[in-house]
Amino acid sequence: MTIKEYVAARKAEFKDVVSKMEKVPCIGIVQLNEDPASNAYVKGKLKDAAELGIKADLMKLPIDTSEKDLLSFIDGLNKDDVHDGFIVQMPLPKQIDEEKVKLAVDPKKDVDGFHPLSSLFPCTPKGIMSYLKYENVPLVGKNAVVIGRSNIVGKPMARMLLAESCNVTVVHSKTSNEDLARYIENADIIVVAIGKPGFLDNRFKYKESAVIVDVGISRDETGLHGDAIPGLPVANQTPVPGGVGLLTRLALYENLLEIVSKK
Ligand code: NAD
């Protein structure tokens, strides 16, 4: 099944679940910037919500909003009965410390799963894991290599793979090329999230049966590029675009429905 087909099937499931709910779930989206990438992400989130029958409340604040004012706005959202969950669209303007904002969101409403005490996982690793499971990719006892150790992708991805009993190795910018090649050659699952277009290429050897999950998104004048070149000699490789980005979008609503179901 392609990722597009998978996402369409899961959306149909979510839509059905939502249609049977007494109260329509509501997600809040706080946006302070107007950069084209953020606008595109927000547009995608609004479109998904409409498709699923979920209410989405876009709250645009001025770009010069102070950190104090944003934190008190977030406090209001934490306490209201209107929004089941909400996100603050990143990146934020320079005057605002993103880490403070992530910590200010009540973990019970943290649809992005960024808060360290949140019971939810960040959307990218969450979306990837749901997809791997749905596709019945063997996980138990398999060698998983996560390339990149960011707080929103690499680290939570490694934790989730470990929870599924994979043998997990996390490699990063300080890993030697020799070690990297050795880990990749033995990997059954490779999740690459570093933001270096075409980093995984034919200089590495891969297992024919390997699955490559390409998280990277780099944009240039020719379009969007993943961290892996297309067409590597493996069993399954997620495309860019049309791959992990769609899984991430879906997981936002998977998290929202999880919040609502715990109420
Ligand atoms: P980040 O920039 O926070 O971290 C990059 C990580 O890559 C670091 O841990 C660093 O150690 C590692 N790294 C850098 N160079 C390396 C090298 N040569 N070898 C091995 N590791 C190296 O990254 P992030 O926020 O996790 O994002 C990574 C990429 O994924 C970006 O392209 C981002 O745009 C993309 N992304 C996509 C989605 C999606 O929905 N598709 C979601 C989140 C991030």
Side-chain angles (χ1 to χ4, degrees), residues 2-4 6-7 10 29 33 35-45 47-48 87-92 97-99 101-102 111-114 116 120-132 144-161 168-185 187 190-201 203-204 206 211-220 222-230 237-255:
T2 66
I3 288 188
K4 278 191 183 145
Y6 161 78
V7 169
R10 294 300 309 276
I29 301 173
N33 60 46
D35 72 83
S38 287
N39 280 339
Y41 290 137
V42 168
K43 204 172 146 197
K45 286 166 187 167
K47 184 171 163 273
D48 292 341
I87 63 157
V88 182
Q89 182 65 42
M90 305 285 169
L92 292 170
D97 179 345
E98 290 188 352
E99 292 312 308
V101 169
K102 287 179 192 167
V111 207
D112 260 335
F114 287 160
L120 301 165
F121 280 99
C123 296
T124 301
K126 167 110 179 186
I128 293 170
M129 188 50 81
S130 297
Y131 173 65
L132 294 176
V145 174
V146 178
I147 312 177
R149 56 175 163 182
S150 71
N151 289 334
I152 61 160
V153 186
K155 285 192 197 120
M157 187 78 250
R159 281 206 304 279
M160 292 186 92
L161 289 162
V168 183
T169 307
V170 181
V171 294
H172 44 76
S173 52
K174 304 285 187 249
T175 307
S176 72
N177 287 335
E178 267 173 24
D179 284 338
L180 189 62
R182 196 158 49 81
Y183 290 127
I184 288 174
E185 190 171 351
I190 302 170
V191 179
V192 59
I194 60 175
K196 299 234 152 76
F199 179 80
L200 283 189
D201 61 10
R203 79 201 136 98
F204 296 107
Y206 304 90
V211 172
I212 296 180
V213 179
D214 190 350
V215 182
I217 301 180
S218 305
R219 189 185 294 270
D220 69 12
T222 63
L224 294 183
H225 307 282
D227 285 342
I229 62 166
Q237 174 179 356
T238 64
V240 177
V244 172
L246 298 179
L247 301 178
T248 301
R249 268 170 65 173
L250 185 70
L252 184 71
Y253 292 101
E254 206 173 339
N255 271 348

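Whatever order the structure lists them in is the order used to number ligands and atoms, beginning at 1. Residues take their numbers from the sequence shown, with the count starting at 1. What's counted below: heavy atoms across the whole structure, side chains too, no hydrogens, waters or symmetry copies.
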Check your understanding: Which pair of non-hydrogen atoms, one from I147 and one from I194, has the smallest distance, and what is that distance?
Key -> O-CG2, 3.6 Å
Check your understanding: Taking only residues two or more places apart in sequence, or in another chain, which ones meet N177 in a side-chain contact (heavy atoms from CB on, under 4.5 Å)?
Key -> none
Point to revise | Whether over 12 other heavy atoms sit under 6.0 Å from R219 CZ | key: no
Check your understanding: Which residues satisfy the side-chain contact (heavy atoms from CB on, under 4.5 Å) test with P156, sequence neighbours excluded?
Key -> F121, P122, P125, R159
Review point. For S176, what residues pass the side-chain contact (heavy atoms from CB on, under 4.5 Å) criterion, not counting sequence neighbours?
Key: E178, D179
Check your understanding: Any side-chain donor-acceptor pair under 3.5 Å between N33 and S38?
Key -> yes
Report every pair formed by an N or O atom of ligand 1 and a protein N or O atom separated by less than 3.5 Å, giving atom names and the distance to 0.1 Å.
| from | atom 1 | to | atom 2 | distance (Å) |
| --- | --- | --- | --- | --- |
| ligand 1 | 9 (O) | R149 | N | 2.8 |
| ligand 1 | 11 (O) | S173 | N | 3.2 |
| ligand 1 | 11 (O) | S173 | OG | 3.3 |
| ligand 1 | 15 (N) | K196 | NZ | 2.9 |
| ligand 1 | 21 (N) | S173 | N | 3.3 |
| ligand 1 | 26 (O) | S150 | OG | 2.5 |
| ligand 1 | 32 (O) | I217 | N | 3.0 |
| ligand 1 | 32 (O) | I217 | O | 3.2 |
| ligand 1 | 34 (O) | I217 | O | 3.4 |
| ligand 1 | 40 (O) | T248 | OG1 | 2.9 |
| ligand 1 | 41 (N) | V215 | O | 3.4 |

